[in-house]
Amino acid sequence: MRIDTMTAAQAARMPEWTKKWLEIGLSTEPADFDAATEAALKAYKLCNLNPPMVILRMGSPYAATFGGIIAWAYLREFAKHAPIKVESQVESQVWSQVESQVRLHVESQVESQVRLHVESQVESQVLSQVESPVWSQVRAQVWSQVESQVRLHVESQVESQVLSQVESPVWSVIGNDRGGAFWASWCGYVTFMRDVLGWQDPALERFEIDEALTKSCGWVWWHENVLAISDRPESLHRDDQGRLHNTSGPSIRYRDGWSLWHHRGVLVPQRVIEQPETLTVPQIESEQNTEVRRVMIERYGQARFLRDSGAEVVNRDESGILYRKQRNCKRNGGIHMIDYAGPERAEFLKRRSAMGLALLFAADGLAWFALGLLVGWWIWR
C-alpha cells in the first residue's frame, strides 16, 4: 500500500501522537513482564532461534545486563564441567547451545529482522514528502526527550558500571540491549504511519514485537541462551528542558534501587546531590570533568567557593565582577593562562590557547562563559 499524501487533519494529529509516545517512553508504571516475554520469544522465533534457556525478570537495566552476563557465565561453566556422556536429547541440546557462548548476537538479528525490514518498507511505500514531516515532528521530538535525554545516559552508565565488574572476555556482550520503553520514538513513527495514515503492510506483523516491548517493559538484553527483561523506572525527574534533573535525590531510580543522579542533564556522584555540605574545595578542584566541577561549585555555593578557594578579583564593571583562580589546565597540549595587561581597561590574553583570542573586561568574560570557552574563571553578578 502506497501513501502519497497526508491531509491537514492527519498532520494536525502529530502533536497528539508525540505526546502519547513521550508518555510511553517516560512511563514509570511497573513492567508487564508476561507481555514482554511473549513478544521477545516471538523475536527468537522470527530469527529461527530456539527459545532461550534462561529468562530473567530484573528490576533495572543494570541488573538485566549484569544478570544476563552472570547467567551466561553459569551456563558456560556448566558446559565446561558437564559429563562427556550425553544422557538425553535435552542435555545434548543444552551442550550445543552453551558451547556457542556469544557467537550469535541476537539483538542484531532482531534489529535486522524487525526495524530494518520495517523501515525499508516504509521508505519504499510512503512518499518522502509524507514521511519526512512524521520523522521530524514525531520521531525526532520523542527521540530528543526519551532516547537522547534518558536512554543514552542509562545505556552509558550500564556499560560503564558493568565493565567495572566483569572481565574482558565478556565485554562483547554488554551492549546486547535492544527494545523497551526507550525505543518509543521508533514506535511513535511507525504507529503514526499505520494508525493515522492508514499504512498497511505484512512487515507490520514484525513491528508488533517492537511495539509490544516498548509498551510493556523498560529494557531487553538478548543472548542466544539468555533473555533478560528489565522493569521501567520507579521514578524519573526532569527539568523544564527535558534534561534529567533532581536537586534532592536520584534523577532516575529503579525498583531494585539502582539509581542515577543528574543536575540539569549532567551526571554527578550521589553526594553532590544528596550531601552537598560534605563537598570540599580540594575535591572540587581535583574534579577533571568541567561540567561536573561546575555543578559541584553550584552545590557548594558560588560565593562560598570564591571565598574559600582564594579566588582574586581582577575586574569589575557593569556586568559584574571577574574572578580568577590560578589553575593549570592542560588542553590541546598547552597550559592555559590569562595575564593582566594594563591598569586602565583590564585586558586579559589567553596565551598558548587553542583559540588565541583576547578576553576584555567582566562583560567579555560573561560572554566567553556563556559559550563554554572560559576555563578557570568565574563571573559573579
Side-chain angles (χ1 to χ4, degrees), residues 1-29 31-32 35-36 38-40 42-43 46 107 110-155 177-220 232-233 236 238-244:
M1 177 182 181
R2 185 168 178 82
I3 304 293
D4 295 324
T5 60
M6 178 166 52
T7 68
Q10 289 171 330
R13 296 193 64 187
M14 286 193 283
E16 161 207 338
W17 220 253
T18 299
K19 181 176 182 293
K20 171 185 175 179
W21 284 95
L22 274 174
E23 291 175 352
I24 292 172
L26 300 172
S27 173
T28 55
E29 292 294 315
D32 182 342
E38 181 181 353
K42 287 180 181 178
L46 178 65
E107 85 290 347
V110 176
E111 173 79 352
S112 175
Q113 293 294 329
V114 180
R115 189 185 69 83
L116 296 181
H117 180 80
V118 174
E119 199 165 58
S120 68
Q121 294 304 305
V122 171
E123 291 174 354
S124 66
Q125 297 180 43
V126 181
L127 198 66
S128 61
Q129 289 91 325
V130 176
E131 183 266 345
S132 293
V134 179
W135 182 284
S136 62
Q137 295 299 314
V138 178
R139 187 172 187 182
Q141 290 191 38
V142 177
W143 165 270
S144 69
Q145 296 200 52
V146 178
E147 278 95 329
S148 177
Q149 295 292 346
V150 182
R151 173 187 155 198
L152 296 183
H153 282 266
V154 172
E155 194 169 64
D177 59 280
R178 184 196 182 280
F182 295 154
W183 283 68
S185 67
W186 160 244
C187 291
Y189 166 74
V190 178
T191 57
F192 189 90
M193 300 287 187
R194 181 191 67 191
D195 300 342
V196 178
L197 300 184
W199 181 57
Q200 298 177 16
D201 187 273
L204 287 170
E205 185 175 350
R206 302 184 181 203
F207 166 73
E208 288 173 0
I209 294 173
D210 274 351
E211 184 179 16
L213 290 172
T214 301
K215 287 182 173 181
S216 60
C217 69
W219 185 275
V220 187
R232 298 187 185 100
L236 194 155
R238 303 184 302 150
D239 64 11
D240 56 4
Q241 296 183 40
R243 299 172 297 187
L244 288 171

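What you see is a predicted model, and the numbers here were worked out from it, not measured in a lab. Keep in mind that the numbers below use all heavy atoms, side chains included, and drop hydrogens, waters and symmetry copies. Positions are given from 1, in the same order as the sequence printed here.
By the side-chain hydrogen bond (donor to acceptor under 3.5 Å, both in side chains) test, S185 pairs with E147, sequence neighbours left out. Applying the salt bridge (charged side-chain N to carboxylate O under 4.0 Å, His left out) test to E29 and every residue at least two apart in sequence or in another chain returns nothing. Applying the salt bridge (charged side-chain N to carboxylate O under 4.0 Å, His left out) rule to R194 yields the partners E211; only residues at least two apart in sequence or on another chain are considered. With sequence neighbours left out, the salt bridge (charged side-chain N to carboxylate O under 4.0 Å, His left out) criterion links D195 to no other residue. Under the side-chain hydrogen bond (donor to acceptor under 3.5 Å, both in side chains) criterion, W143 pairs with no residue at all, not counting sequence neighbours. Partners of R139 according to the salt bridge (charged side-chain N to carboxylate O under 4.0 Å, His left out) rule, which considers only residues two or more places apart in sequence or in another chain, are E119.
Residues A11 and P15 share a closest heavy-atom pair of O-CD, 4.1 Å. Between A31 and C217 the shortest heavy-atom distance is CB-CA, 3.9 Å. Considering all non-hydrogen atoms of both residues, V196 and R13 come closest at CG2-NH1, 4.0 Å. Contact record, Y189 with V138: N-CG1, 4.1 Å, taken as the closest heavy-atom pair.
Looking only at distances, no side-chain donor or acceptor of S27 sits under 3.5 Å from a matching main-chain atom of E23. In terms of modelled atom types and a separation under 3.5 Å, the side chain of S148 and the main chain of Q145 share no donor-acceptor contact.
Judged purely by distance below 3.5 Å, without hydrogens or angles, the side chains of Q137 and Q141 pair a donor atom with an acceptor atom.
Counting heavy atoms from C-beta on, the side chains of V154 and F182 come closer than 4.5 Å. Contact check for T191 versus F207: side-chain heavy atoms found under the 4.5 Å cut-off. Taking 4.5 Å as the limit, some side-chain heavy atom of L204 sits within range of a side-chain heavy atom of W199. Between W21 and T214, some side-chain heavy-atom pair lies under the 4.5 Å cut-off.
Atoms CD and CG, on E38 and L213 in that order, are 10.5 Å from each other to the nearest 0.5 Å. Atom CG in D4 sits 11.5 Å away from atom CG in L197 (nearest 0.5 Å). With rounding to the nearest 0.5 angstrom, the CZ atom of R178 is 4.5 Å from the CH2 atom of W183. Between atom CZ of residue R232 and atom NZ of residue K215 there is a gap of 11.0 Å, rounded to the nearest 0.5 Å. Here the CZ atom belonging to R206 is positioned 5.0 Å from the CG atom belonging to L46, to the nearest 0.5 angstrom. Annotation: the span from I24 atom CD1 to K19 atom NZ amounts to 11.0 Å, rounded to 0.5 Å.
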### Pair D210-W186, side-chain hydrogen bond (donor to acceptor under 3.5 Å, both in side chains): steps then yes or no
CA-CA 9 Å; D210 274 351; W186 160 244; 2.9 Å; yes
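Note that R151 lies outside the cation-pi zone of W219, set by a 6.0 Å cut-off to the ring centre and a 45° limit from the axis.
Ion pair E16/K20 not flagged as a salt bridge, since none of the NZ, NE, NH1 or NH2 atoms sits closer than 4.0 Å to an Asp/Glu carboxylate oxygen.
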